[in-house]
S.K.: 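Below you will find the structure I want to go over with you.
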Amino acid sequence: MSFAPYRAVSKASRDGDLGDLNATPWVFMLGNCLGWVGYSYMIQNMFIFLPVAPGLILAIWLNIQAIKLQYENHRSNEMLDAIISGLEAH
């Protein structure tokens, strides 16, 4: 289930736009996986850690991709506004 958004996020990364993808669940996924990994470490249980660790890595990747795409869109809008303001001033 954790790997379900992989293809959509890969496509969004190639396209350079997050589009209609909702990144909010990925933040909760990251928190959930961090909690389970921490719990497995505290009770020294590898049977909990092993299935959750790939989900943690995926959650980190999903969040990094979402942040990258959001920042890229923000910078593009700032650049466009600066160009338009510069053209209007002259």
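Nothing fancy with the numbering, it's 1 onward along the sequence. Just so you know, these numbers come straight off a predicted model, no measurement behind them.
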S.K.: Can you tell me how far the CG atom of L56 sits from the CG atom of N32, to the nearest 0.5 Å?
M.R.: 10.0 Å

S.K.: Do I67 and I57 share a hydrophobic cluster (ILVMFWY, side-chain heavy atoms under 4.5 Å, transitive)?
M.R.: no

S.K.: Would a hydrophobic clustering, with Ile, Leu, Val, Met, Phe, Trp and Tyr connected at side-chain separations under 4.5 Å, put Y6 with L69?
M.R.: yes

S.K.: Any link between V37 and M42 through a network of hydrophobic side chains (Ile, Leu, Val, Met, Phe, Trp, Tyr) touching at under 4.5 Å?
M.R.: no

S.K.: Would W26 and V9 count as a side chain to side chain contact (heavy atoms under 4.5 Å, CB included) here? Give the steps.
M.R.: CA-CA 11 Å; W26 305 335; V9 174; 3.3 Å; yes

S.K.: Identify whether I43 and M46 are in the same connected component of the hydrophobic contact network (ILVMFWY, side-chain heavy atoms under 4.5 Å).
M.R.: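 In one cluster with I43: M46, yes.
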
S.K.: Can you tell me which residue pairs pass the side-chain hydrogen bond (donor to acceptor under 3.5 Å, both in side chains) test with a partner in residues 56-66, sequence neighbours excluded?
M.R.: S13-Q65, Q65-K68

S.K.: Let me check something: do L62 and V52 share a hydrophobic cluster, defined by ILVMFWY side-chain heavy atoms less than 4.5 Å apart, either directly or through other members?
M.R.: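 Looking at the clustering, V52 is in a separate group from L62.
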
S.K.: Has Q44 got a side-chain atom pairing as donor or acceptor with Y41's backbone, closer than 3.5 angstrom?
M.R.: yes

S.K.: If you take all heavy atoms of C33 and G55, which pair is closest and at what distance?
M.R.: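 That closest heavy-atom pairing would be SG-C, 3.6 Å.
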
S.K.: Mind checking the CG-CD1 spacing from N45 to I48? Nearest 0.5 Å is all I need.
M.R.: 4.0 Å

